[in-house]
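As the structure is a computational prediction, the values presented were derived from the model and not from experiment. Order of the sequence lines sets the chain letters (A, B, ...), proteins ahead of strands, with each chain counted from 1.
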2 protein chains.
Amino acid sequence: MGRSPQSSSQTPDQGAARRPSRARGIPEATVARLPLYLRALTALSERSVPTVSSEELAAAAGVNSAKLRKDFSYLGSYGTRGVGYDVEYLVYQISRELGLTQDWPVVIVGIGNLGHALANYGGFASRGFRVAALLDADPNVVGSTAAGLPVRHMDELESIVESQHVSIGVITTPPGAAQQVCDRLVEAGVTSILNFAPTVLTVPDGVDVRKVDLSIELQILAFHEQRKAGEEPDRTESVLDRAPGPVRAAAAKLRRAAGGNGKSRGGAEPTVKDQAEQATKGKSAKGGEGELSAVMPA
Amino acid sequence: MGRSPQSSSQTPDQGAARRPSRARGIPEATVARLPLYLRALTALSERSVPTVSSEELAAAAGVNSAKLRKDFSYLGSYGTRGVGYDVEYLVYQISRELGLTQDWPVVIVGIGNLGHALANYGGFASRGFRVAALLDADPNVVGSTAAGLPVRHMDELESIVESQHVSIGVITTPPGAAQQVCDRLVEAGVTSILNFAPTVLTVPDGVDVRKVDLSIELQILAFHEQRKAGEEPDRTESVLDRAPGPVRAAAAKLRRAAGGNGKSRGGAEPTVKDQAEQATKGKSAKGGEGELSAVMPA
DNA sequence: TAGATTGTTAATCGATTAACAATC
DNA sequence: TAGATTGTTAATCGATTAACAATC
């Protein structure tokens, strides 16, 4: 069976998006928004709002109305011109489209803080996801309870997955254990994996992986944040000069040596490049993946 | 100041993507992948690998090499033809591009299980993110410690954000409190928000919001999972018949009444629609956002 | 020089958006 | 009927990908 690494990251080409994937012709981008619409509709339903226009619903979901109507057009013609959409009816249709009208047993592997948080997450149960088991490798954790469920030992993984027909696994282990856990889940029959460990998982064809990476989200924010403060005054100086000592020193050296910012496009400047290289040799990895092992206690 | 809801969800148009946004011409999709490359490069750096080809690095990051080279071309010409990329040099350049060579103080608001998990997340510190403070509204939580830091009261939010120049806030409160917390953060000077609460936040222009939604990820997996099992045998029957009692009954009724699946495109079938509507009135919200309040203990 | 690999081009694909005819 | 709002079209935009000339 051919193995392919998943796409990872909160980006357009998440897991399933790699296959032809537009199952039944619904674009991946639309699928990713259906849960948003469902959430907004559920809130309206609780307030007993009978119908809603594309404009109102779009506002509640945080998208524009043209996009929403286009999205809904892939599902069918569920609205009424001049009136809008029936809230209950849409809740049902979207739930059905997403597969939420059936029960989805899931296992959570790695019961640290994050595993705990997920086990307690009410948003799962209310949408058809049922925690079939909590698993951990640590004997000190096994036997304790989280969210009213006993934490069971990894040894039971296969029997639980098989007997309860679990098709979705959630991995909240340290990164070092993630691939091995993934392999066991897949071998036992799991075909969808939600991965919180900061690792690229390799899975056979036919298995979907989605990745949630807390640190990546922050890094993307930092990228934009960086550009807000100075509004491009002279990035080389402003950014590097606020950097930690060694980097700042190297930056100064760079400027003295070449006046460039190491970002000049196409300009072949081996001198600049070599010096920046030297400058970073010392600090090198600066923390790196090693520290991530401490991220999510197994 | 014009307020606009953020785009939310792990989809292409996350927060910042709404503005013209391609700060310095780097596409949003590329920015979202830079952290992946950085992680892979950091791992290589720790193994003291001096250079890497686009093919190797792409494999490690889980993307294809053409995409990687295209991404890097936006940053500059940092490789050497015939050789590849210098690992240390690239680590530095990408870190700089992402703004990780500077220190980013963040506050985490809402210290439940998830807040705890985030406070302990080693991936933050190793990338320049420093937890400036943990905040909570619950007097029983205030004063305890998490990840070695004291949990402080919400009342201190403004003074902390201002005195420590915090520009990034992480919201892990229950959904009901999120918008209010967001408003206070923004008012105090925060311009980037990472939102874990299942709510659409409204923020002024110039403020970026990224959203991480655990339940949405699972729903997307469920959508694809649903299509694997049966491979389109006759979805109306297979899906609805596995649904809970009331829904299944309604489905049967529907089939009897019209033989349609309620999904027929364009075909105006008021009878079918009305009956499906009736059928769902009873179960209605089925849990819904209310339960989500239990998600993340403040 | 020969082999390897980058950086860029151009074609393709998918997603977004405004506008409006259809129709309730 | 008049007003409102959907569902769809078509234009635009952005992202992906293969291929290859440039060049180490």
Side-chain angles (χ1 to χ4, degrees), chain A residues 7 9 11-14 16-23 25-34 51-59 62-86 89-90 263-270 273-274, chain B residues 7 9 11-14 16-22 25-34 51-59 62-86 89-90 93 263-270 273-274:
Chain A
S7 52
S9 104
T11 23
D13 59 347
Q14 277 260 12
R18 314 208 67 206
R19 298 172 300 144
S21 172
R22 321 175 71 230
I26 301 179
E28 208 48 44
T30 296
V31 172
R33 282 188 293 266
L34 291 182
T51 61
V52 65
S53 70
S54 62
E55 201 66 55
E56 294 164 332
L57 183 55
V63 302
N64 83 39
S65 66
K67 194 187 281 182
L68 176 143
R69 287 198 301 277
K70 184 81 168 137
D71 284 341
F72 285 1
S73 76
Y74 293 112
L75 309 184
S77 295
Y78 293 157
T80 306
R81 289 170 209 243
V83 177
Y85 300 90
D86 180 281
Y89 182 65
L90 248 195
K263 195 170 173 301
S264 52
R265 249 174 234 236
E269 293 164 342
K273 190 178 286 187
D274 290 352
Chain B
S7 52
S9 103
T11 24
D13 59 348
Q14 276 262 11
R18 316 209 65 206
R19 300 172 298 142
S21 172
R22 319 174 73 230
I26 301 179
E28 207 49 44
T30 295
V31 171
R33 281 187 294 265
L34 291 182
T51 61
V52 65
S53 70
S54 62
E55 201 66 56
E56 295 164 331
L57 183 54
V63 303
N64 83 40
S65 65
K67 195 188 283 183
L68 177 143
R69 288 199 300 278
K70 183 82 168 137
D71 283 340
F72 285 1
S73 76
Y74 293 112
L75 309 182
S77 295
Y78 293 155
T80 305
R81 288 169 209 245
V83 177
Y85 300 90
D86 180 280
Y89 183 64
L90 248 196
Q93 291 298 346
K263 194 170 173 303
S264 53
R265 252 174 233 236
E269 294 164 340
K273 189 178 287 188
D274 289 352

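Rounded to a whole Å, the OH atom of Y74(A) is 11 Å from the P atom of dG14(C). dT6(C) atom P lies 14 Å from atom CG of D71(B), rounded to whole Å. Taking atom CD on E28(B) and atom P on dT16(C), their separation rounds to 13 Å, with Å as the unit. When rounded to the nearest whole Å, the span between NZ of K67(B) and P of dG14(C) equals 13 Å. Rounded to an integer number of Å, the gap from CG of L68(A) to C1' of dT6(D) is 11 Å. For Y78(B) and dT6(C), the OH to P distance is 16 Å, given to the nearest whole Å. The nearest whole Å value for the distance from the CD atom in E55(B) to the C1' atom in dG7(C) is 15 Å. When the P atom of dT6(D) is taken as reference, atom CG of D86(A) falls 13 Å away, rounded to whole Å.
Taking every side-chain heavy atom of S73(A) into account, dG7(D) is the closest of dT17(C), dG7(D), dT17(D). You'll find that the side chain of A66(B) is closest to dA18(D), out of dA18(D), dT17(C), dT16(C).
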Using a cutoff of under 3.5 Å, can you pull out all pairs of nitrogen or oxygen atoms linking the protein to nucleotides 3-5 of chain C, with atom names and distances?
unit_1	atom_1	unit_2	atom_2	d
dT5(C)	O4'	G82(B)	N	3.1
dT5(C)	O2	G82(B)	N	3.4

Could you list the protein-to-nucleotides 10-12 of chain D atom pairs, N/O on both sides, closer than 3.5 Å?
none

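Among residues two or more places apart in sequence or in another chain, the side chain to side chain donor-acceptor pair (under 3.5 Å) test is passed with T51(A) by none. For S54(B), the side-chain contact (heavy atoms from CB on, under 4.5 Å) partners two or more places apart in sequence, or in a different chain, are S65(B), L68(B), R69(B), Y85(B).
Between F72(A) and Y78(A), the gap from one ring centroid to the other reaches at least 6.0 Å.
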Q: Under 3.5 Å for both distances, Watson-Crick or G-U wobble, that's the pair rule; now give the dot-bracket for DNA chain D, with | marking pairs to another strand and [ ] for crossing ones.
A: ..||||||||||||||||||||||
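Between the CG atom of L75(B) and the CG atom of L90(B) there is a distance of 8.0 Å, given to the nearest 0.5 Å.
Closest of all the heavy-atom pairs between G25(A) and Y74(A) is O-CD2, 3.9 Å.
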